[in-house]
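Predicted model, so just to flag it, every value in this text is computed and none were measured.
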Amino acid sequence: MDFEFYCWHCDAENVIRGEPAGFWVEKWRLPSEWTCWNCDALNTTPDD
């Protein structure tokens, strides 16, 4: 499943792919940090 987050530096929309966190599809594992495709800024994934 894809999740959309905005970069803190340039406000570009980034699509982060989540991996299933087990048998149930309601939970997804996302990277804790990711790099913006537009400005290469390091971002953190929100907890919510």
Side-chain angles (χ1 to χ4, degrees):
M1 176 176 244
D2 292 338
F3 296 88
E4 297 174 354
F5 296 105
Y6 290 91
C7 177
W8 68 271
H9 187 260
C10 70
D11 205 33
E13 183 177 25
N14 289 263
V15 177
I16 309 299
R17 179 170 294 283
E19 299 296 326
F23 181 73
W24 303 104
V25 294
E26 292 86 18
K27 295 184 180 184
W28 300 91
R29 187 176 301 122
L30 295 170
S32 59
E33 296 180 332
W34 45 274
T35 304
C36 177
W37 65 269
N38 188 41
C39 70
D40 288 329
L42 186 63
N43 292 269
T44 56
T45 305
D47 291 335
D48 294 18

Worksheet entry | Partners passing side-chain contact (heavy atoms from CB on, under 4.5 Å) against Thr44 (at least two apart in sequence or in another chain) | Glu33
Item to complete: For Tyr6, enumerate each residue passing the side-chain contact (heavy atoms from CB on, under 4.5 Å) test, keeping only those at least two apart in sequence or located in another chain.
Response: Asp11, Glu13
Practice prompt. Nearest 0.5 Å please: distance from the CZ atom of Arg17 over to the CG atom of Leu30.
Written response: 11.5 Å
Item to complete: With sequence neighbours excluded, tell me which residues meet salt bridge (charged side-chain N to carboxylate O under 4.0 Å, His left out) with Arg29.
Response: none
Worksheet item: Who are the side-chain hydrogen bond (donor to acceptor under 3.5 Å, both in side chains) partners of Trp37, not counting sequence neighbours?
Response: none
Response to the item:
The reported gap from CD in Glu19 to CE in Met1 (rounded to nearest 0.5 angstrom) is 12.5 Å
Practice prompt. Over all heavy atoms of both residues, which pair between Cys39 and Cys36 is shortest? Give the atoms and the distance, please.
Written response: N-SG, 3.6 Å
Worksheet item: If every non-hydrogen atom of Asn38 is compared with every non-hydrogen atom of Ala12, which pair is closest and at what distance?
Response: CB-CB, 3.8 Å
Worksheet, complete the sentence: Hits for salt bridge (charged side-chain N to carboxylate O under 4.0 Å, His left out) against Asp40, two or more places apart or cross-chain, chain-then-number order -> none
Worksheet item: Is there a donor-acceptor pair closer than 3.5 Å between any side-chain N or O of Trp8 and the backbone N or O of Leu42?
Response: yes
Worksheet entry | From CZ (Phe5) to CG (Asn43), nearest 0.5 Å | 10.0 Å
Worksheet item: Are Trp28 and Val15 connected, step by step, through hydrophobic side chains (Ile, Leu, Val, Met, Phe, Trp, Tyr) whose heavy atoms are closer than 4.5 Å?
Response: no
